[in-house]
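Lettering follows sequence order; numbering is per chain, from 1. In this text, all values refer to a predicted model and were calculated from it rather than measured experimentally.
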Amino acid sequence: MKRLGCADIREGDSESEVELFGWVNRRRDHGGLIFLDLRDSTGIVQVVIDPNVDGGAHIMAEQVRPEWVIGIKGVVRLRPEGSANDELPTGKVEIHCSQIEILNPAKTPPFAINEDSEVDEYLTMRYRPLYLRRTRMIENFRLRHKVVKFIRDFFDRQDFLEIETPILIKATPEGARDYLVPSRVHPGSFYALPQSPQQLKQLLMVAGFERYFQIARCFRDEDLRADRQPEFTQLDVELSFVDTEDILNLMEQLFAELVAYLKPDSVPVKRFRRMTYHEAMSTYGTDKPDLRYDIPLSDVTHQLAGTEFKVFNQIIAGGGIVKAIVAPGCGDYNRRNIDELNDLVKQYGAGGVVPVGFISDGPFNDATIEEVRSPVSKHLGPETINQLKETLQASSTDLILMVAGSTDIVNAALSGLREEFGKRLGLWSDQQLEFVLVTDFPLLQWDQDRARWESVNHPFTAATDETLALLDTDPGAVVSKGYDLVLNGVEIAGGSIRIHTRELQEKILLLLGHEAEQAEEQFGHLMGMFDYGAPPHGGFACGIDRLVMILAGENTIREVIAFPKTQTGADIFFGAPSIVDKGQLDELNIATRVPEV
RNA sequence: GGCCCCGUGGUGUAGCCUGGUUAACACACAACACUGUCAAUGUUGAGAUCGCCGGUUCAAAUCCGGUCGGGGUCGCCA
């Protein structure tokens, strides 16, 4: 028999006898009448206990407290005139209770479960199951399920095969730090957990599956962030006989249909904005721009060359640049406000931020010195300031912020400022979803510290046909066939067309500093298979946690992960990682350098 | 590895800068009252020595140092 959920009860069930199970959400005791809000995974329904209907039930109801697990029997009735609750889907009905069974009493919970109040995150993890009991969390996981289900159905419709790949695999020198798993039968040897199924899916293309996908768990032993956990879930996709445009189209189709499915009322979008890496860096200072608001970066190096402001002159003379953004309506920022921005900018290695605020009441074309608030107004002079104002289209109440230095630092700092003002000024709405496809990444970038070339994406990424030849002469100018999908400033997916010949793969690995022998040892399993007829192929991967986080309107990935880990990678609920029994270590031939229990 | 923020009854906060009362408020909790509430209401009550260790001081929640835990972020994350 199908069990009815609390929120399934509607007007149509009026006068029918029902049995419900759930948690007491709230109790309102009027001495005579007692109201219980009964909650289960479907939602809430009101139960009325009238001492005249059943004295036993009433005595039970007096004892019951929030979070007690109970079962009730009763008759569904329409609520009396004027007592309906529009807030609840079940607000027009109530259960007139004839019997209450206490299935399990509950201690007063460590934090409120029946409301969406702030709780210290430590407690949300220490008492995780109770936190998950909150309606908002249940909704997050309902959404997550819908997203994953949609993805599976989508790829199934398109004749993709979902194929599982190993969790115990081989360590790779490239990329993130691996999590290692010791082998008992091969003393001294270790498996690694996959950072992603990258090589495996390429091998599935060699195998001829042609269209593969997987909802895969990935592991990276790196420091955590709001949108990073040591283990996370990725949608992994790979296709054969495709080029960049095929995959970009597939990504657009997938995410556009997903959004249309989840938000049927939103304006449908078929194509996403596209921009090159270069464009993203120059106008937003980042390769994952948040396009929900319009604050572009402008290069003002030329306008500032030759002013009396020595700091800028020196930086420009040394090959640096100056870029600016306009913070609308912030012309009146005081010393303290500016100090905060300075601190922010210093995080990115910039010397500081140079503010030029305008504080005029009325409209004007040229600002007089009195209307300018800037520590450098004298150095720059009214002419330069007005010229800046003109170029940046700043209004008479805006604040211009300039940062000077190397291109990398200036971009990073201003991108940080841009984000800060987006947040401060509340420049976006919660419902907004701004996708952008970023393309034409460089294939390689020079790593100063290690004095060698590094893959921008990963070493299996192919180069565009037009720039491939530059590999020998100017590796930094080679453009990759890689792409990222950015949503609201978060990189949610990325991929590329892959290299599918041994010759090119060897060449790239060599450029990346792998000796031929070493490359064979580490990537030979892949390249060896390229020798047997590998199809051209490519694909992408999408961070499911991040995607759901944004769709759920959450600020951290932890709110869409059932059992997340802390910033130090600890699981507070289970107490992992933990010291293990010496016998377990001995069996694995492992000696530790920290004292054992 | 660096920088920043937080830690006060069960929960969320105030107090801390400018040391000195009975450590305040809201919610939750308990008891009693109450037959139409839905954040029920009213009355009464219990509950924290201020994360931990040390220092300064006549006196420390408050100042200083360290440490632990949580969070944000830079580096890192192909």
Across the strands shown, which category fits [X] at heavy-atom distances under 4.0 angstrom: base, sugar-phosphate, nothing?
X: A/E340; value: nothing
X: A/D343; value: nothing
X: A/L512; value: nothing
X: A/Q198; value: base
X: A/R177; value: nothing
X: A/P80; value: base
X: A/N85; value: base
X: A/A112; value: nothing
X: A/T568; value: sugar-phosphate
X: A/D29; value: base
X: A/A84; value: base

Exercise. Using heavy atoms to find the nearest nucleotide of RNA chain B for A/R27 and A/V456 separately, return the residue whose nucleotide is more 5′.
Key: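 It is A/R27, whose closest nucleotide lies nearer the 5' terminus.
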Quiz prompt | Given RNA chain B, 5'-ward residue of the pair A/E94 and A/R26, judged by closest heavy atom | solution =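 Its nearest nucleotide lies further toward 5', so the answer is A/E94.
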Taking the same atom, [atom1], in [N] and in [M], what whole-Å distance lies between them?
N: B/G12; M: B/C3; atom1: P; answer: 28 Å
N: B/G75; M: B/U8; atom1: C1'; answer: 35 Å
N: B/G55; M: B/C76; atom1: C1'; answer: 37 Å
N: B/G10; M: B/A30; atom1: P; answer: 15 Å
N: B/G15; M: B/U49; atom1: C1'; answer: 15 Å
N: B/U43; M: B/A48; atom1: P; answer: 24 Å
N: B/C5; M: B/C64; atom1: P; answer: 12 Å
N: B/U21; M: B/A60; atom1: C1'; answer: 15 Å

Whole angstrom is fine here: how far is it from [atom1] in [X] over to [atom2] in [N]?
X: A/Y127; N: B/G69; atom1: OH; atom2: C1'; result: 14 Å
X: A/D37; N: B/C38; atom1: CG; atom2: C1'; result: 6 Å
X: A/Y348; N: B/G72; atom1: OH; atom2: P; result: 14 Å
X: A/D287; N: B/C77; atom1: CG; atom2: P; result: 14 Å
X: A/L36; N: B/A39; atom1: CG; atom2: C1'; result: 16 Å
X: A/D120; N: B/C68; atom1: CG; atom2: P; result: 18 Å
X: A/L130; N: B/A28; atom1: CG; atom2: C1'; result: 15 Å
X: A/L344; N: B/C4; atom1: CG; atom2: C1'; result: 11 Å

Nearest to the side chain of [X], which nucleotide is it out of [options]?
X: A/D50; options: B/U35, B/G36, B/U73; answer: B/U35
X: A/Q567; options: B/C34, B/U73, B/G10; answer: B/U73
X: A/R79; options: B/C38, B/G36, B/G70; answer: B/C38
X: A/F111; options: B/U11, B/G1, B/U35; answer: B/U11
X: A/P66; options: B/G70, B/C29, B/G72; answer: B/C29
X: A/S83; options: B/U37, B/G10, B/C76; answer: B/U37
X: A/R225; options: B/U73, B/C77, B/U35; answer: B/U73
X: A/T108; options: B/C29, B/U35, B/C38; answer: B/C29
X: A/F35; options: B/G72, B/U11, B/U37; answer: B/U37
X: A/Q46; options: B/C77, B/G71, B/C38; answer: B/C38

Quiz item: Side-chain donor or acceptor of A/R558 under 3.5 Å from a matching atom on the base of B/G71?
Solution: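 Per atom types, no contact qualifies.
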Quiz item: Closer than 4.0 Å, any side-chain N/O of A/R126 to the OP1 or OP2 of B/G69?
Solution: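 For B/G69, neither OP1 nor OP2 has a side-chain N or O of A/R126 closer than 4.0 Å.
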Quiz item: Has A/R28 got a side-chain N or O lying under 4.0 Å from the OP1 or OP2 atom of B/A40?
Solution: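 Yes, because at least one side-chain N or O of A/R28 sits under 4.0 Å from OP1 or OP2 of B/A40.
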Practice problem: Could you tell me if the ring centre of A/F421 sits under 6.0 Å from that of A/Y293? | Solution: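 So the answer is no for these two rings.
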Quiz prompt | Proximity of A/W23 and A/W68 rings by center, below 6.0 Å | solution =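 Centroid distance A/W23-A/W68: not below 6.0 Å, so no.
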Quiz item: Taking the six-membered ring for Trp, does A/H30 stack with B/G36 (centroid gap under 5.5 Å, planes within less than 30°)?
Solution: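 Ring-base stacking flag not set for A/H30 and B/G36.
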Quiz item: Would you find more than 12 non-hydrogen atoms of other residues, nucleotides or ligands less than 6.0 Å from A/E15 atom CD?
Solution: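 Yes, the 6.0 Å shell around CD holds more than 12 heavy atoms from other groups.
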Quiz prompt | Heavy-atom neighbours of A/K565 NZ exceed 12 at 6.0 Å | solution =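 Atom NZ in A/K565 is crowded, with more than 12 foreign heavy atoms closer than 6.0 Å.
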Under a 4.5 Å cut-off applied to non-hydrogen side-chain atoms, are [X] and [Y] in contact?
X: A/L444; Y: A/V478; result: no
X: A/Y212; Y: A/L239; result: no
X: A/R546; Y: A/I557; result: yes

Self-check item: Passing candidate, side-chain contact (heavy atoms from CB on, under 4.5 Å) with A/V479, options A/T467, A/L470, A/L468
Solution: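 Looking at A/T467, A/L470, A/L468, the match for A/V479 under the side-chain contact (heavy atoms from CB on, under 4.5 Å) is A/T467.
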Self-check item: Residues A/E238 and A/R498 bridged, charged N to O under 4.0 Å
Solution: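 A salt bridge is present here (some side-chain N lies under 4.0 Å from a carboxylate O).
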